[in-house]
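So that we are looking at the same thing, I have put the structure below in structure tokens.
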Amino acid sequence: VARDMFSAHGYRAVTMRRVAEKAEVSTRTLYDRFSDKLSLFQACLDFGSLAFPRIAFEGGRVPVEAALVDYAASLVRMLSTDSSLRLSLVVSREGTEFPELVRSADAVQRKYLLLPLAAYMQEAGLAGKDGELRAKLFLAMALAEWQRRYTFLHPFPQGEEIEHHAAQAVGLFLKGAINT
């Protein structure tokens with residue numbers, strides 16, 4: 001309920017009381033679970049992160065290139081969902097007024113995307129001491145086209161476009177990772 005409300009009305013407009021009413025729980029019950037509106041928003045971000053693709057080395061059973069292409073394409077598809085886009089817009093629109101939203105979104109990105117990807121890269125032999133930096137670079141490459149379209153309000157990539165960009169980003173990344 002809270003995620004839908006934040007997405008539809010924005011952070012400023014949502015109150016704990018309205019969330020409790022819509023969720024058909026008492027305000028006390030809501031406050032027992034979430035100390036304030038920010039902790040409720042953070043829970044919404046954490047819940048949304050469950051849809052992030054997972055990547056695991058699994059002893060190398062899946063070739064690194066294939067695993068990274070699948071991961072990059074899955075991430076773009078997930079970020080392009082209506083639910084994810086709407087919550088991203090809340091952070092973008094209201095982040096200057098409420099910088100805690102940006103910090104929360106950044107913490108979720110670090111915990112659920114960056115650190116697991118850095119661990120994968122470490123296991124796959126793609127990162128030395130700079131695993132987080134390489135994971136950041138990979139995410140930047142994998143999401144570049146999505147970010148460009150998000151920024152300039154163009155339609156998001158679909159189907160083969162997503163797969164093609166993911167394959168190009170992974171190919172460029174791996175050639176660079178191998179040569180450094």
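Keep in mind it's a predicted model, so treat the numbers as computed, not measured. These values consider heavy atoms only, across backbone and side chains, with no hydrogens, waters or symmetry-generated copies.
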| query | Would you say Arg103 has more than 12 foreign heavy atoms packed within less than 6.0 Å of its CZ? | reply |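 Yes, CZ of Arg103 has more than 12 neighbouring heavy atoms, counting only those of other groups under 6.0 Å.
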| His9 atom NE2, neighbour heavy-atom count above 12 within 6.0 Å | yes
| request: Please state whether the rings of Phe6 and Tyr11 are parallel, tilted or perpendicular, taking 30° and 60° as the class boundaries. | output: parallel
| Looking at Leu45 and Ala105, what are the two nearest heavy atoms and their distance? |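 Scanning both residues, the minimum pair turns out to be CD1-N, 3.7 Å.
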| task | Tell me whether Val170 is reachable from Val62 by hopping between hydrophobic residues (I, L, V, M, F, W, Y) whose side-chain heavy atoms are closer than 4.5 Å. | result |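 Different clusters.
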| Atom pair CD/CZ of Gln122 and Phe57 - distance to nearest 0.5 Å |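 Answer for the CD-CZ pair, Gln122 versus Phe57, is 11.5 Å.
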| query | Do Thr151 and Gln147 meet the criterion of a side-chain donor-acceptor pair at a distance under 3.5 Å? | reply | yes
| task | Please report the shortest heavy-atom distance between Met121 and Phe138, naming the atom on each side. | result | CE-CB, 3.4 Å
| task | For the pair His165 (side chain) and Met141 (backbone), establish whether a donor and an acceptor sit closer than 3.5 Å, ignoring hydrogens and angles. | result | yes
| Under 4.5 Å between side-chain heavy atoms, hopping through other hydrophobics if needed: is there a path connecting Leu115 to Tyr71? | no
| message | Please determine whether salt bridge (charged side-chain N to carboxylate O under 4.0 Å, His left out) holds for the pair Glu132 and Lys136, giving the CA-CA distance in whole Å, both sets of side-chain angles, and the decisive distance to 0.1 Å. | response | CA-CA 6 Å; Glu132 284 188 47; Lys136 284 179 189 176; 5.4 Å; no
| task | May I ask you to check whether Ser39 and Asp36 show a side-chain donor-acceptor distance below 3.5 Å? | result |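 A donor-acceptor contact under 3.5 Å links the two side chains.
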| request: Measure the shortest side-chain to side-chain distance between Val76 and Phe156 over non-hydrogen atoms and say whether it is less than 4.5 angstrom. | output: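 No - every pair of side-chain heavy atoms lies 4.5 Å or more apart.
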| field | Arg54 CZ to Leu75 CG distance, which is reported to the nearest 0.5 Å | value |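 Between Arg54 CZ and Leu75 CG, I get 11.0 Å after rounding to 0.5 Å.
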| query | Shared ILVMFWY cluster between Leu133 and Val64, side chains joined below 4.5 angstrom? | reply | no
| query | How are the rings of His154 and Phe152 set to each other: parallel, tilted or perpendicular (split at 30° and 60°)? | reply | tilted
| request: For the pair Glu58 and Arg61, find out whether any cationic side-chain nitrogen is under 4.0 Å from an anionic carboxylate oxygen. | output: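 The answer is yes: the pair qualifies as a salt bridge.
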| task | Could you identify which residues cluster with Phe47, counting Ile, Leu, Val, Met, Phe, Trp and Tyr as linked when any side-chain heavy atoms lie under 4.5 Å apart, either directly or through a chain of such contacts? | result | Leu50
| field | Ion pair Glu145/Arg149, N-O distance below 4.0 Å | value | yes
| Ser49 side-chain N/O to Asp46 backbone N/O, donor-acceptor pair under 3.5 Å | yes
| task | Could you give me the CA-CA distance, side-chain angles and deciding distance for Ser83 and Leu87, then say whether side-chain contact (heavy atoms from CB on, under 4.5 Å) is met? | result | CA-CA 6 Å; Ser83 176; Leu87 212 52; 5.9 Å; no
| said: Whether the side chain of Lys37 engages the backbone of Val14 through a donor-acceptor N/O pair (distance < 3.5 Å, no angle test) should be reported. | reply: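 Checked: pair present.
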| query | What distance do Arg18 atom CZ and Met5 atom CE have between them, rounded to the nearest 0.5 Å? | reply |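 Reported value, rounded in 0.5 Å steps: 4.5 Å.
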| Does a donor on one side chain and an acceptor on the other come within less than 3.5 Å for Thr29 and Ser26? | yes
| said: Has Ser84 got a side-chain atom pairing as donor or acceptor with Thr81's backbone, closer than 3.5 angstrom? | reply: no
| task | Could you check Ile55 against Leu68 for side-chain contact (heavy atoms from CB on, under 4.5 Å), going step by step and ending with a plain yes or no? | result | CA-CA 8 Å; Ile55 189 166; Leu68 288 173; 3.8 Å; yes
| task | Step through the shown structure and confirm whether more than 12 heavy atoms of other residues, nucleotides or ligands are within 6.0 Å of CZ on Arg28. | result |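 No, because the 6.0 Å sphere around CZ of Arg28 holds 12 heavy atoms or fewer from other groups.
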| Nearest non-hydrogen partners of Met16 and Leu30, listed with the distance | O-CD2, 3.2 Å
| request: Would you give the length of the straight line joining atom CG of Leu113 to atom CE of Met78, rounded to the nearest 0.5 angstrom? | output: 8.0 Å
| said: Please tell me whether Phe41 and Val102 are part of a single hydrophobic cluster in this structure, the criterion being side-chain heavy atoms less than 4.5 Å apart. | reply: yes
| Does the side-chain contact (heavy atoms from CB on, under 4.5 Å) test come out yes or no for Val19 and Val25, once each step is laid out? | CA-CA 9 Å; Val19 171; Val25 299; over 6 Å; no
| query | Between Ser80 and Leu85, which heavy-atom pair has the shortest distance, and what is it? | reply |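 Closest pair (atom of Ser80, atom of Leu85, distance): O-CD1, 3.3 Å.
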| message | If we ignore hydrogens and angles and just use 3.5 Å, is the side chain of Arg134 paired with the main-chain N or O of Leu126 as donor and acceptor? | response |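 Confirmed, Arg134 side chain pairs with Leu126 backbone.
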| Hey, is Arg110 close enough to Asp106 for a salt bridge, meaning N to O under 4.0 Å? | no
| Which heavy atom in Ala118 sits nearest to a heavy atom in Ala135, and how many Å separate them? | N-CB, 3.8 Å
| field | Where Ala166 and Ala73 come nearest, the two heavy atoms and their spacing | value | CB-N, 3.8 Å
| said: Test of understanding: clusters of I, L, V, M, F, W, Y form through side-chain heavy atoms closer than 4.5 Å, transitively. Do Leu79 and Leu137 belong to the same one? | reply: no
| field | Test item: side-chain donor near acceptor, Ser92 and Tyr150, under 3.5 Å | value |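 Looking only at side-chain atoms, Tyr150 and Ser92 do form a donor-acceptor pair, the distance falling under 3.5 Å.
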| Is it true that atom CZ of Arg93 has more than 12 heavy atoms of other residues, nucleotides or ligands lying nearer than 6.0 Å? |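 Count over threshold, so yes.
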